[in-house]
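See structure below.
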Amino acid sequence: MTLFMPDTLHLGLDHFDVQIRSALAQALGLEKDSLKLERPRDEKMGEFAFPCFRFAKEKKTNPAELAKKLAGELSVEFVAPSAAGPFLNFRVEPAALAKRVASDVSKPNYGCGNLEGKVVVEYSSPNIAKPMHVGHLRTTVIGAALSRLANRAGHEVVRINHLGDWGSQFGKLVAAWNRWGSEEKLSVEPIDHLLELYVRYHKEEENDESLPAAAKVAFQELESGENNKTRVIWKRFTEYSLREFNHIFDRLGSTFDFVRGESWYEDQLDPLIDWLESTGVLEESDGATIVDLKDHGIKTPCLVKTAHGTTLYATRDLAAAKSRWEEFQFERALYVVGAEQNLHFQQFTTVLKKAGCEWASRIEHISFGLIRLQEGKLSTREGRILSLTEVLDRAVELAAEIIEEKNPELDHKEAVSEQVGVGAIIFHDLKHQRNKDVVFNWGEVLSFEGDTGPYLQYSHARCCAILRKADRPAPSIDSIDLGLLSDSPELFVALGRYPQALREAWEKREPMILAQHLLKIASAGNAFYHEKRVLGESEELESARLCAIDLLRKTLGDGLGILGVPTPEEM
RNA sequence: GCGCCUGUGGCUCAACUGGAUAGAGCAUCUGACUACGGAUCAGAAGGUUGGGGGUUCGAAUCCUCCCAGGCGCACCA
């Protein structure tokens, strides 16, 4: 069990959490870190809750009695305990709440953790010669968000884009190119042409036995290490693809420390096999080289070499993992890869364990659910694809229409449409638990109202607008009367729980937790500036509220930045 | 057939990993000072948490058996 340790951040609401737990620990004669506070079902009952059942049993009284007794005894500065049946609730005094949270939020290290060590994150990893489709959106966006969360938690992060640029599929592609390739088409629309070749290959393969044979030869040529014709054309395909991918990465705001395709590990494959051999895990079966995993509860063996001597996906993943361990000595290595590869990950990590690598336990498969179309699973081979570019373009187009309707005077309309459209797509993906399957639905993806990215962007832009119209710099928190903000506890509770959201999102590798919390913050923020006038109030009140708006703006901007959602100042 | 994942209002999702009266958003219905930007806010209605059984003070959450859907199951990645 991961212990709940806000002490490491001691900011925002966590400050009170620690105080309350200390007092409880003392009263109950227990360790502070063994206690965990919950949230009351109804926010009106307070900010923290402590169910007494378990402890009452130990003390041989009944829970309601214990809650009542503790409510009478406990003394925590600025916090009022109250018993509600078997629950002990705690309400923070609004003035102290506003004061504490405002002062913490304004610090530059708000929500920053102190964890150490390197975290390697492999994500995106599209396949060369194929267009990026909506399936790649998830890994790209989840991986980027987790990288930023890890970084915020204190880790040093190494982002790797493990391009699918190797394997027998390229033998197939080269074989298809040799038969039907057109230089002209390749120079105009390279990816479309390559896709066309790939699809045609799979169509004609069924009736033409010479085709798979040619493909096999081509891949063997590719793996030979020689700089032959096959390799030259493969290199060209790679370059064309990268050009297109980079354009999408720019739009999504994804960056990588290393773009290393599977081919990067090419010269480590033979040493890997030798090493596996030396650990005694290899066996031969039907001409192929395998690692049997039955003794670890996995029925299907892991293949590391085919009967005709070529390597496989698993071989390259094993080599990559070993290489990364030697290069980075990572604390954790995350692989943001779809759930359909669960078995593969079990196999390849188990092979490492079997071969004696104790660090294999640091590898985590961050799996996520499949995106399907109404018609069924996406399939490049069968031409059932939905290109990521098309999805982004349509969102941007719609954003442009809405801007034209709502804010025709806006400057930089095109740039803002791009930010809003792309933001909507990214946020939509990140607001759900990652392991659930998704049936792609245009209506839902292109929604800009309610719990959406544009709603958050709008809230942020509203704050910017108020600050702009104030026509003076946002007051610092030392210059205002924080007591004037005690009428808005909901806002400060939401802002004050931001560090907790960041921490949980990272601990659970679940960006959704941050996404959901940002919605809460925005909702509290919208209610705040809707019911409370900022500009034109008395000088003191205006300053205080302006300051609150600035903190709201700052937190929303920070959170959206971590998720990778752009934050226009006007929209 | 075996393994893994999923099932919560009409739709899309939450529920702090066993806690209080299961919460949001869409859609539906009411309302909001000629608006510090209405991509908003306030409210109403909508639920036997796929079904049965079990574990205990307490279950959407854990165990078990069904049902439905998805994914995977050696020379693809």
Side-chain angles (χ1 to χ4, degrees), chain A residues 1 4 36-42 45 49 51 53-54 56-57 62-63 84-87 89 125 127 164 166-169 172 262 285-290 297-308 310 312-314 316-317 337-344 346-347 367 369-370 372 377 381 399 402-403 405-407 420 428 431-433 435-439 441 443-444 447-452 454-459 461-462 465-470 497 500-501 504 508 512-513 516 519-520 522-523 526-527 529-537 542 545-546 549 570-571:
Chain A
M1 170 184 156
F4 185 72
K36 189 178 170 193
L37 297 180
E38 302 183 357
R39 281 202 307 245
R41 182 56 76 200
D42 187 346
M45 297 190 278
F53 306 95
R54 224 169 312 157
K57 201 173 238 174
N62 78 65
F87 291 87
N89 294 325
S125 315
N127 292 322
W166 206 249
S168 58
Q169 51 172 330
K172 295 175 184 176
E262 296 180 65
S285 170
D286 295 338
T289 310
I290 68 162
I298 301 173
K299 286 179 185 162
T300 346
C302 183
L303 263 81
V304 296
K305 209 155 197 179
T306 67
H308 46 273
T310 51
L312 288 136
Y313 183 44
R316 299 187 283 277
D317 252 351
V337 177
E340 67 271 23
Q341 293 191 29
N342 280 343
L343 177 60
H344 164 73
Q346 275 176 30
Q347 289 176 323
S367 75
L370 211 67
R372 288 179 301 130
K377 196 183 170 183
R381 289 184 192 184
I402 294 176
I403 286 174
E405 173 197 325
K406 298 190 188 254
N407 198 358
V420 173
H428 176 263
K431 81 171 178 182
H432 306 116
Q433 279 177 22
N435 65 328
K436 298 209 178 175
D437 289 350
V438 179
V439 176
N441 177 328
E444 200 189 303
S447 157
F448 289 7
E449 285 172 17
D451 286 354
T452 64
Y455 170 71
L456 295 175
Q457 293 175 316
Y458 171 79
S459 310
R462 286 286 307 270
I466 294 173
L467 290 162
R468 202 164 45 235
K469 285 180 184 154
R497 287 205 222 269
Q500 189 186 344
E504 279 184 30
K508 294 176 185 165
M512 179 263 320
I513 292 173
Q516 297 287 344
L519 288 169
K520 278 203 186 113
S523 167
N526 273 296
Y529 56 58
H530 190 266
E531 55 193 48
K532 279 153 195 132
R533 182 83 204 172
V534 177
L535 303 180
E537 294 289 331
E542 179 180 300
R545 288 186 177 165
L546 215 42
I549 291 289
E570 288 181 77
M571 59 188 273

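The sequence lines fix the lettering, A, B, ..., with proteins before strands; numbering per chain opens at 1. Nothing here was measured: the structure is a model prediction, and the numbers come from that model.
Atom NE2 in His432(A) sits about 17 Å away from atom P in rA24(B), given to the nearest Å. Atom-to-atom, CZ of Arg39(A) to P of rA15(B) comes out at 10 Å; the value is rounded to the nearest Å. Summarising the geometry, the separation between CD on Gln346(A) and C1' on rG72(B) is reported as 10 Å, rounded to the nearest angstrom. The distance between atom CE of Met45(A) and atom P of rA20(B), rounded to the nearest whole Å, is 9 Å. Between Asn342(A) atom CG and rU6(B) atom P the separation is 11 Å, expressed in whole Å. The separation between His344(A) atom NE2 and rA74(B) atom P is 15 Å, rounded to whole Å. Going from atom CG of Asp42(A) over to atom P of rG19(B) covers 17 Å, rounded to whole Å. Look at CD on Glu38(A): it is 18 Å from P on rG58(B), rounded to the nearest Å.
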Distances for protein N/O vs nucleotides 68-70 of chain B N/O pairs under 3.5 angstrom?
{"from": "rG70(B)", "atom 1": "O2'", "to": "Asp437(A)", "atom 2": "OD2", "distance (Å)": "2.8"}

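Residues His432(A) and His428(A) form a side-chain contact, since some pair of their non-hydrogen atoms from C-beta on lies under 4.5 Å apart. Inter-residue side-chain proximity for Leu535(A) and Leu546(A) is flagged as met; some heavy-atom pair is nearer than 4.5 Å. The side-chain heavy atoms of Asn342(A) and Ser367(A), taken from C-beta on, include a pair separated by under 4.5 Å. Arg39(A) places a side-chain heavy atom less than 4.5 Å from the side chain of Arg497(A).
Taking the salt bridge (charged side-chain N to carboxylate O under 4.0 Å, His left out) definition, one finds that Arg545(A) meets it with Asp487(A), sequence neighbours left out. Residues satisfying the salt bridge (charged side-chain N to carboxylate O under 4.0 Å, His left out) test with Arg372(A), not counting sequence neighbours, are none. For Leu312(A), the side-chain contact (heavy atoms from CB on, under 4.5 Å) test picks out Leu303(A), Thr306(A), Thr315(A), with sequence neighbours left out. Residues satisfying the ring pair (Phe, Tyr, Trp, His ring centres under 6.0 Å) test with Phe87(A), not counting sequence neighbours, are Phe53(A).
Using a 4.0 Å heavy-atom distance criterion, Lys299(A) is classed as a sugar-phosphate-only contact. Across all strands shown, Asn89(A) has heavy atoms under 4.0 Å from base atoms, whether or not it also approaches the sugar-phosphate. Using a 4.0 Å heavy-atom criterion, one finds that Leu343(A) contacts the sugar-phosphate atoms exclusively. In this structure, Gly167(A) reaches the sugar-phosphate backbone alone: every heavy-atom distance under 4.0 Å involves primed, P, OP1 or OP2 atoms, never a base. Contacts of Pro40(A) with the nucleic acid, taken as non-hydrogen atoms under 4.0 Å apart, include base atoms. Looking at heavy-atom distances under 4.0 Å, Ala49(A) makes contact with a base. Among the atoms of the strands shown, only primed sugar atoms or phosphate atoms (P, OP1, OP2) are found under 4.0 Å from some heavy atom of Ser168(A). Among the atoms of the strands shown, base atoms are found under 4.0 Å from some heavy atom of Asp286(A). Note on Thr289(A): nothing from the nucleic acid sits closer than 4.0 angstrom, heavy atoms only.
Separating the P atom of rG69(B) from that of rA74(B) is a span of 23 Å, rounded to the nearest Å. A gap of 7 Å separates the C1' atoms of rG58(B) and rG19(B), to the nearest Å. Separating the P atom of rC11(B) from that of rU28(B) is a span of 16 Å, rounded to the nearest Å. As rounded to the nearest Å, rA60(B) and rG50(B) have P atoms that lie 10 Å from one another. Spacing of P atoms, rC33(B) relative to rU8(B), comes out at 39 Å, to the nearest Å. Comparing rA68(B) with rA77(B), their P atoms sit 35 Å apart, to the nearest whole Å. Across rA15(B) and rA20(B), the matching P atoms stand 14 Å from one another, rounded to whole Å. Using P as the reference atom, rU64(B) and rG18(B) are 16 Å apart when rounded to the nearest Å.
Residue Phe53(A) and nucleotide rG19(B) are classified as a stacked aromatic pair, their ring centres being separated by less than 5.5 Å at an interplanar angle below 30°. Stacking between Phe87(A) and rG19(B) is absent: the aromatic ring centre is not both under 5.5 angstrom from the base six-membered ring centre and within 30 degrees in plane angle.
rU40(B) is paired with rA32(B) under the criterion used here, namely a Watson-Crick or G-U wobble arrangement in which both key atom distances are under 3.5 Å. The partner of rA45(B), taking Watson-Crick or G-U wobble pairs whose two distances both stay under 3.5 Å, does not exist in any strand shown. A 3.5 Å limit on both hydrogen-bonding distances identifies rC57(B) as the Watson-Crick or G-U partner of rG19(B). Across the strands present, rG9(B) finds no partner; the criterion is a Watson-Crick or G-U wobble pair with both atom distances under 3.5 angstrom. A 3.5 Å limit on both hydrogen-bonding distances identifies rG70(B) as the Watson-Crick or G-U partner of rC4(B).
Two residues, Ala84(A) and Ala339(A), neighbour RNA chain B, and the one matched to the more 5' nucleotide by heavy-atom proximity is Ala84(A). Along RNA chain B, the nucleotide closest to His308(A) and the one closest to Arg54(A) are compared, and the more 5′ of them pairs with Arg54(A).
Of the side-chain N and O atoms in Lys436(A), one or more sit less than 4.0 angstrom from OP1 or OP2 of rA14(B). Side-chain nitrogen and oxygen atoms of Asn62(A) include none within less than 4.0 Å of the OP1 or OP2 phosphate oxygen of rC57(B). For rA77(B), neither phosphate oxygen OP1 nor OP2 lies less than 4.0 angstrom from any side-chain nitrogen or oxygen of Gln341(A).
Between Thr452(A) and Ser447(A), the shortest heavy-atom distance links the atoms CG2-O, 3.4 Å. A pairwise comparison of heavy atoms in Glu262(A) and Gly164(A) identifies OE2-CA, 3.4 Å as the closest pair. Closest non-hydrogen pair, Ile513(A) versus Ala501(A), comes out as CG2-O, 3.8 Å.
If you check the side chains of Tyr458(A) and Asn526(A), you find no donor sitting under 3.5 Å from an acceptor.
Separating the CZ atom in Arg462(A) from the CE atom in Met571(A) is a distance of 11.5 Å, to the nearest 0.5 Å.
Looking at the side chain of Leu312(A), the nearest of the listed nucleotides rA77(B), rA15(B), rU12(B) is rA77(B).
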**Complete:** Heavy-atom contacts, protein to nucleotides 30-43 of chain B, under 4.0 Å, summarised as B (base), S (sugar-phosphate only) or - (none) per nt, yield ------BBSBSS--
